[in-house]
Amino acid sequence: MIPRIASFSLFVLAATLAHAQTPAERLYSEHCAGCHGDDRLGGTGPALIPETLKRMRGPAVTKVITNGRPATQMPAFSRVMTGDEITALEKYVKSPLASLPRWTVAEIEQSRSLAADYEPATQPVFKADPLNIFLVVETGDHHVSVLEGETFERLVRFPTPFAVHGGPKFSPDGRFVFIMSRDGWVQKYDLWSLKEVGRIRAGLNSRNIAISKDGRWLAVANYLPRTLTILATGDLAVARIFDIADSDGQPSRVSAVYQAPTRDSFILALKDVAEIWEIATNPNAEPVNAGFVHSHEKGMAEALPSADGLFARRRIKVSEPIDDFFFDPPYRHLIGAARDGSKGVVVNLTAGHEIAELPLPGMPHLGSGISWMRDGRRVMATPHLREGKLSVISVDDWTPLATIKTEGPGFFLRSHENSRYVWADVFFGPNKDAMHIIDKQTLKIVKTLRPVPGATVAHVEFDRYGRYALVSVWEDDGAVIVYDAETLEELKRLPMRKPSGKYNVWNKITFSEGTSH
Ligand code: DHE
């Protein structure tokens with residue numbers, strides 16, 4: 001038996017060792033924690049965790065530590081740290097957190113701030129059609145530019161939280177927009193008064209957001225913690241938090257959340273478990289009667305006050321985890337991608353089970369899928385992240401119809417009801433400067449644009465009438481190029497800081513078939 005005094009010393013030694021900082025942790029505490037948080041979960045600076053940093057590929061993190069970030073408070077550390085220290089620090093911030101962090105309702109509520117100077121306008125403060133304006137996310141310096149849809153004049157340029165990801169979501173009347181960052185911040189912006197309304201940190205590492213059909217609720221899909229946060233859109237207050245776990249209690253990240261307008265529900269893609277969740281956003285939603293389990297069931301998280309009967313949830317069991325969903329226009333079916341990137345799985349949402357499998361090798365990016373009518377049949381197309389091709393599929397019977405060879409793997413596809421063409425980028429590889437224009441009927445590439453040789457050219461958005469197509473030159477000193485969507489001639493070039501997605505209010509609120517939702 002160990003004498004008491006010795007066991008006490010061993011305890012102290014173990015405790016000391018447990019808290020002894022490595023050199024990299026010491027560097028972090030000394031130089032980074034003040035802005036990025038003791039726990040690396042962010043403060044005035046962004047979270048420094050692999051979930052956030054993995055989108056910075058190659059030596060990007062080393063470069064930021066060494067040189068700082070222009071026009072931000074991030075200083076250059078090249079004079080303060082040696083090269084080896086910077087490498088050790090980079091390794092540390094890219095290492096996983098020791099345990100899964102919590103982010104309670106109280107902490108979320110504490111992060112909520114509403115702008116003191118915000119006054120709602122009674123009409124738009126500009127003359128242009130408020131339903132035809134564009135939002136351009138400029139990831140180079142974390143801003144959004146708001147453009148008129150006729151003249152492409154910039155109405156305003158406002159700062160966003162760090163690293164916006166996914167499409168902003170608009171209230172059904174197009175008046176407000178909600179923007180989410182990878183660090184879980186949700187910003188509400190009034191597109192009539194051109195003023196920020198407020199913001200809240202709904203998660204610690206988040207994927208995307210969806211707004212309910214009636215515009216009252218905003219769902220935030222989180223990786224950290226393993227939750228879905230539902231906010232009231234009016235004042236951004238927390239309405240409900242769901243802990244995400246399958247029926248055996250296995251927790252899961254939420255890959256994405258989508259609005260299913262015809263079903264009055266949110267559909268959740270889960271990363272780690274073989275289930276899809278549907279959450280009703282209206283107590284009278286048709287799916288509520290189709291096997292929903294009420295939300296006070298065991299396993300549901302903190303049940304916060306909200307209107308009775310809201311947010312009833314249904315689990316749809318699938319044979320393996322699937323995510324990255326494409327929905328058919330009536331939202332009766334979805335196709336999800338299997339994890340190994342070899343096939344698509346079709347799920348009938350009404351019946352609540354899988355009905356077909358499609359061979360889709362090369363990692364289909366179904367979230368970018370769009371659909372249109374061809375020879376009297378509805379077809380959908382999806383790019384692939386690992387192969388230079390687009391797959392075209394019949395939505396009537398889920399059979400592959402054609403493969404269109406491209407100059408490399410693409411990320412985004414776009415069209416419009418009034419356009420003859422599909423625009424497909426080549427995001428990856430040496431031909432990232434190419435933009436293919438594809439005839440929707442012949443499925444042939446009719447033109448390949450190369451507006452800035454060598455630069456990444458990606459993501460397209462149309463105006464509400466389908467007359468213009470806006471393309472991003474996805475570089476720090478980049479641009480948005482406005483094309484005539486019929487003649488394919490360049491009309492205007494607007495300088496922008498690494499513009500990524502562009503979003504036309506009308507196309508988004510009407511769920512245009514040419515856009516991803
Ligand atoms: Fe995205 C949308 C997932 C990497 C830019 N991306 C989406 C959506 C999902 C998704 C589920 C749909 C959400 C929505 O709009 O509501 N993205 C993923 C990934 O899993 C992936 C491959 C890895 C990851 O790191 O998360 C990924 N995405 C990227 C990027 O590296 C991109 C190019 C740059 C960036 O900003 O991080 C990128 N994703 C975008 C954009 C959209 C998007 C611009 C909105 C597209 C739209 O037109 O609606």
Side-chain angles (χ1 to χ4, degrees), residues 46 49-58 60 134-140 142 144 160-170 177-183 186 205-211 218-224 253-260 266-271 321-327 334 336-337 339 341 363-370 382-386 409-416 423-428 432 456-462 469-472 474-475 478 480 497-505 507-508 511-512 514-517:
I49 53 178
E51 288 83 354
T52 310
L53 295 173
K54 73 173 176 239
R55 70 187 193 93
M56 294 174 70
R57 297 182 186 94
F134 287 86
L135 264 65
V136 182
V137 175
E138 293 184 70
T139 52
H142 313 286
V144 159
T160 66
F162 182 86
V164 165
H165 179 242
K169 298 291 156 19
F170 298 89
V177 66
F178 299 85
I179 297 168
M180 187 217 75
S181 77
R182 288 193 185 253
D183 275 355
V186 172
N205 183 258
S206 303
R207 303 287 300 162
N208 80 324
I209 50 178
I211 192 162
L218 192 84
V220 187
N222 300 319
Y223 265 9
L224 288 178
R253 294 168 285 177
V254 186
S255 293
V257 57
Y258 305 90
Q259 185 208 138
F266 291 131
I267 308 281
L268 277 65
L270 304 185
K271 188 81 181 167
I322 50 170
D323 62 4
D324 196 17
F325 293 163
F326 167 82
F327 295 88
L334 65 79
R339 248 191 198 169
M363 188 61 100
H365 190 214
L366 293 161
S368 287
I370 58 167
T382 176
H384 292 252
L385 298 173
R386 291 203 201 122
F411 213 95
F412 303 107
L413 278 189
R414 267 300 201 274
S415 186
H416 189 278
W423 295 54
D425 59 42
V426 179
F427 201 83
F428 304 99
K432 60 186 184 169
T456 303
V457 170
H459 196 277
V460 179
E461 177 65 310
F462 287 77
L470 276 61
V471 172
S472 290
W474 198 297
E475 302 285 339
V480 163
R497 300 294 311 281
K498 209 176 198 180
S500 57
K502 298 159 298 301
Y503 309 91
N504 177 273
V505 175
N507 293 341
K508 287 295 167 190
F511 284 71
S512 159
T515 74
S516 43
H517 303 148

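Along the sequence shown, the residues carry numbers beginning at 1. Predicted model only: the values in this text are computed from it and were never measured. Just follow the structure's listing: the first ligand is 1, and inside any ligand the first atom is 1.
- Of all protein heavy atoms, the one closest to atom 31 (O) of ligand 1 is R57 NH2, 3.6 Å.
- Within the structure, the closest approach of R182 to ligand 1 falls below 4.0 Å when heavy atoms are considered.
- In this structure a side-chain-to-backbone donor-acceptor pair under 3.5 Å is present from K169 to I209.
- Within ligand 1, the atoms closer than 4.0 Å to a non-hydrogen atom of A256 are 11 (C), numbered from 1 in the order shown.
- Closest to atom 36 (O) of ligand 1 among all protein heavy atoms lies V164 O, 3.9 Å.
- Side-chain contact check for H142 versus V164: every heavy-atom pair is 4.5 Å or farther apart.
- The protein non-hydrogen atom at the shortest distance from atom 48 (O) of ligand 1 is H459 NE2, 2.6 Å.
- The protein non-hydrogen atom at the shortest distance from atom 45 (C) of ligand 1 is Y503 OH, 3.2 Å.
- Of the inter-residue distances, the one linking D425 atom CG with L413 atom CG reads 7.5 Å to the nearest 0.5 angstrom.
- The protein heavy-atom contact nearest to atom 49 (O) of ligand 1 is S516 OG, 3.3 Å.
- Side-chain atoms of N208 come within 3.5 Å of backbone N or O of V257 as a donor-acceptor pair.
- The nearest protein heavy atom to atom 23 (C) of ligand 1 is not closer than 4.0 Å.
- Every residue meeting the side chain to side chain contact (heavy atoms under 4.5 Å, CB included) condition with K498, not counting sequence neighbours, appears here in chain and number order: T139, W474, D476.
- Atoms of ligand 1 lying under 4.0 Å from any heavy atom of K169, numbered from 1 in the order shown and given with element: 14 (C), 15 (O), 16 (O).
- When hydrogens are left out, the protein atom nearest atom 26 (O) of ligand 1 is R207 NH1, 2.8 Å; that is the closest non-hydrogen contact.
- The backbone N or O of S500 lies less than 3.5 Å from a partner atom in the side chain of K502, making a donor-acceptor pair.
- Residue contacts with ligand 1 include W474, since one or more of its heavy atoms lies under 4.0 Å from the ligand.
- Distance check for atom 13 (C) of ligand 1: a protein heavy atom is found below 4.0 Å.
- At least one heavy atom of R414 sits under 4.0 Å from some atom of ligand 1.
- Between N507 atom CG and F134 atom CZ the span is 7.0 Å, to the nearest 0.5 Å.
- Protein-derived N/O/S atoms nearer than 2.8 Å to atom 1 (Fe) of ligand 1 total 1, waters excluded.
- With ligand atoms numbered from 1 in the order given, ligand 1 contributes 33 (C) to contacts under 4.0 Å with heavy atoms of F427.
- By the side chain to side chain contact (heavy atoms under 4.5 Å, CB included) test, S181 pairs with P161, D183, W185, sequence neighbours left out.
- Summarising the geometry, atom CG belonging to D324 is positioned 13.5 Å from atom CZ belonging to R339; distances are rounded to the nearest 0.5 Å.
- Between the CG atom in D323 and the CZ atom in R253 there is a gap of 9.5 Å [rounded to 0.5 Å].
- Atom 15 (O) of ligand 1 has G167 N, 2.7 Å as its closest protein atom, hydrogens excluded (heavy atom only).
- Side-chain contact check for F411 versus H459: every heavy-atom pair is 4.5 Å or farther apart.
- F511 meets the side chain to side chain contact (heavy atoms under 4.5 Å, CB included) test with Q259, P261, Y331, H517; sequence neighbours excluded.
- If you check which protein heavy atom lies closest to atom 46 (C) of ligand 1, you get F412 CE2, 3.7 Å.
- For the ligand labelled ligand 1, residue H365 lies outside the 4.0 Å heavy-atom shell.
- For the atom pair CD1 of I179 and OH of Y503, the computed distance is 10.0 Å after rounding to the nearest 0.5 Å.
- Using a 4.5 Å cut-off on side-chain heavy atoms (C-beta onward), R207 and V254 make no contact.
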